[in-house]
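Taking it in order: structure first as structure tokens, then the write-up.
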Amino acid sequence: MVLDKLGESLKGTLAKIAKSMFVSDKLINELVKDIQRALLQSDVNVKLVFNLTNQIKERVKSEDTPKGISKKEHLINIVYEELVVFLGKEKLELKVTKGKEPIRIMLVGLFGAGKTTTAGKLAKYYTNRGFKTALVGLDVHRPAAMDQLEQIGKQINVPVFIKKGEKDALKIWKEHEPELQKFDLLIIDTAGRDALSDDLIKEIEEVNKKIKPQERLLVISADLGQAAQTQAEQFHKSCNITGIIATKMDGTAKAGGALSACAVTDAPIIFIGVGEKSEDLEPFNPKGFVGRLLGMGDLEALLDKAQGAMDEDEAKDLGKRFLKGDFNLIDLYEQMEAMNKMGPLNKLLDMVPGMNQAKIPKDMLKVQEGKLKKWKFMMGSFTKKELEDPDLVDRARAERIAKGSGTSAGEIRELVKQYRQSKKMMKMFKGKDPEKMMKKMGQKGMPGMPKFK
Ligand code: GDP
Ligand code: MG
């Protein structure tokens with residue numbers, strides 16, 4: 001995950017609170033020091049760090065603990081809330097809608113910031129959300145730029161509009177303009193420079209005037225750390241940017257510096273780049289981000305994903321049934337299937353509170369998806385009664401089911417065993433704090449969790 005190290009230190013700090021008997025001044029001072037150290041290590045500006053920790057201290061001193069939560073929980077909550085404020089405002093979204101003419105998003109930034117890569121990521125992101133999207137290549141400075149964009153377009157199956165050899169960006173635009181009208185959304189890649197030179201400002205201004213993009217996004221590399229602030233401010237002043245995309249969040253220990261630095265500028269962070277592949281783009285959501293950083297889980301993101309796969313009631317129901325602990329084989333299958341629909345299981349588990357601490361082997365999750373298909377075959381040969389009460393399945397029944405489904409009795413028994421184990425595990429959740437449970441299981445190596453081979 002992004003900012004692994006910062007996350008680890010902050011989680012360690014919060015664990016200290018959880019383990020301590022009561023909230024003392026000594027604990028608070030230690031907490032503040034830990035947070036300062038962790039943030040400074042990820043290149044956050046010293047002044048910002050002190051502002052943040054002073055704010056935490058101030059609130060701990062002046063606020064009464066709200067009814068219904070413990071002092072410790074209150075303290076953790078203050079840390080969480082202040083980190084969220086620290087990293088930005090609310091989650092911001094670009095206004096991308098289908099209208100009479102295409103929405104135009106222009107990417108600007110220095111050489112190597114990740115503009116072209118990000119153009120592809122954005123095109124994929126919005127194509128997946130139902131927008132008819134095209135990529136427009138206006139980088140006339142780098143000889144290979146057009147080829148790079150063309151390649152990316154091919155990979156993600158999005159049309160690319162370029163003109164190799166043309167030295168005038170506006171001419172390229174003009175030539176394609178009539179054809180571009182049939183799209184909902186245009187992602188426009190532009191040329192960079194080594195620094196924000198007059199030459200670059202002039203070019204961006206000209207393109208701006210002609211194309212009138214609704215969004216002018218600065219693409220900035222997170223490995224700049226806190227130096228990102230100056231660059232963001234300069235670009236904002238000269239090119240009037242509407243937002244920031246921080247790239248290479250995956251490859252740097254300084255990402256905390258870049259995020260907090262950009263958060264204090266007038267242009268908000270809208271997306272972050274977390275890898276080189278076309279799907280490695282995440283909408284930047286300070287709440288979810290801090291939640292994951294602190295290991296509190298990203299329930300909001302989880303619900304977001306779940307909604308794409310099933311309707312809202314179904315999604316809510318899924319969680320409840322899972323934690324209730326009484327279900328039959330069909331339920332188990334449906335739940336597993338629903339979870340699969342939500343996306344790669346391992347990414348999903350990162351977002352469930354406590355799950356990431358449980359250190360579930362990633363391999364196990366991979367095989368599970370293939371195994372589901374087999375389950376379906378096997379379950380087709382269970383009687384309704386057996387599905388509702390798999391404990392009925394003895395040796396003779398297992399053999400009958402195996403014959404009917406073209407599997408072996410051993411595999412049938414394994415399925416029943418997995419069902420029992422899952423049921424046992426889910427029963428343990430009953431009435432308990434899932435986060436605590438998962439933590440405990442993580443330390444003990446997950447007893448009762450079905451072992452998928
Ligand atoms: P441009 O000059 O601004 O167009 O930058 P490019 O899109 O060509 O990207 C420069 C390099 O950064 C390429 O090698 C990309 O693969 C890499 N890159 C871009 N975004 C990310 C990211 O989010 N994570 C990582 N690890 N690499 C990235
Ligand atoms: Mg480029």
Okay, side chain of Glu166, backbone of Asp168: is any donor-acceptor separation there less than 3.5 Å?
-> yes

SB check Lys124 Glu279 (cutoff 4.0 Å) = yes

About how many Å separate CD of Glu82 and CG of Asn77, when rounded to the nearest 0.5 Å?
-> 10.5 Å

Thinking salt bridges, do Glu276 and Lys248 make one under a 4.0 Å N-O criterion?
-> no

Pair Arg104 + Glu215: basic N to acidic O under 4.0 Å | no

From Leu149 CG over to Leu135 CG, what is the distance, rounded to the nearest 0.5 angstrom?
-> 5.0 Å

With respect to Leu217, which candidate in Ile244, Thr242, Ile241 satisfies the side chain to side chain contact (heavy atoms under 4.5 Å, CB included) definition?
-> Thr242

Is the backbone N or O of Leu107 less than 3.5 Å from a side-chain atom of Thr190, with the two atoms forming a donor-acceptor pair by type?
-> yes

First locate atom CD of Glu81, then atom CD1 of Ile56, and finally report the distance between them rounded to the nearest 0.5 Å.
-> 10.5 Å

Is the gap between the ring centers of Phe183 and Phe131 under 6.0 Å?
-> no

Donor-acceptor pair, side chain of Asn29 and main chain of Lys26, under 3.5 angstrom | no

Stepwise, does the side-chain contact (heavy atoms from CB on, under 4.5 Å) test hold for Gln151 with Asp147?
-> CA-CA 6 Å; Gln151 198 75 34; Asp147 294 322; 5.9 Å; no

Sidechain N-carboxylate O distance under 4.0 Å for Lys164, Glu150 | yes

Under 3.5 Å, is there a donor-acceptor pair linking the side chains of Ser197 and Asp199?
-> no

Are Glu233 and Thr265 linked by a side-chain donor-acceptor pair shorter than 3.5 Å?
-> no

Please test Met249 against Thr247 for side-chain contact (heavy atoms from CB on, under 4.5 Å), starting from the C-alpha separation and ending with a verdict.
-> CA-CA 5 Å; Met249 290 285 299; Thr247 62; over 6 Å; no

Would you say Lys115's side chain and Gly109's backbone share a donor-acceptor pair under 3.5 angstrom?
-> yes

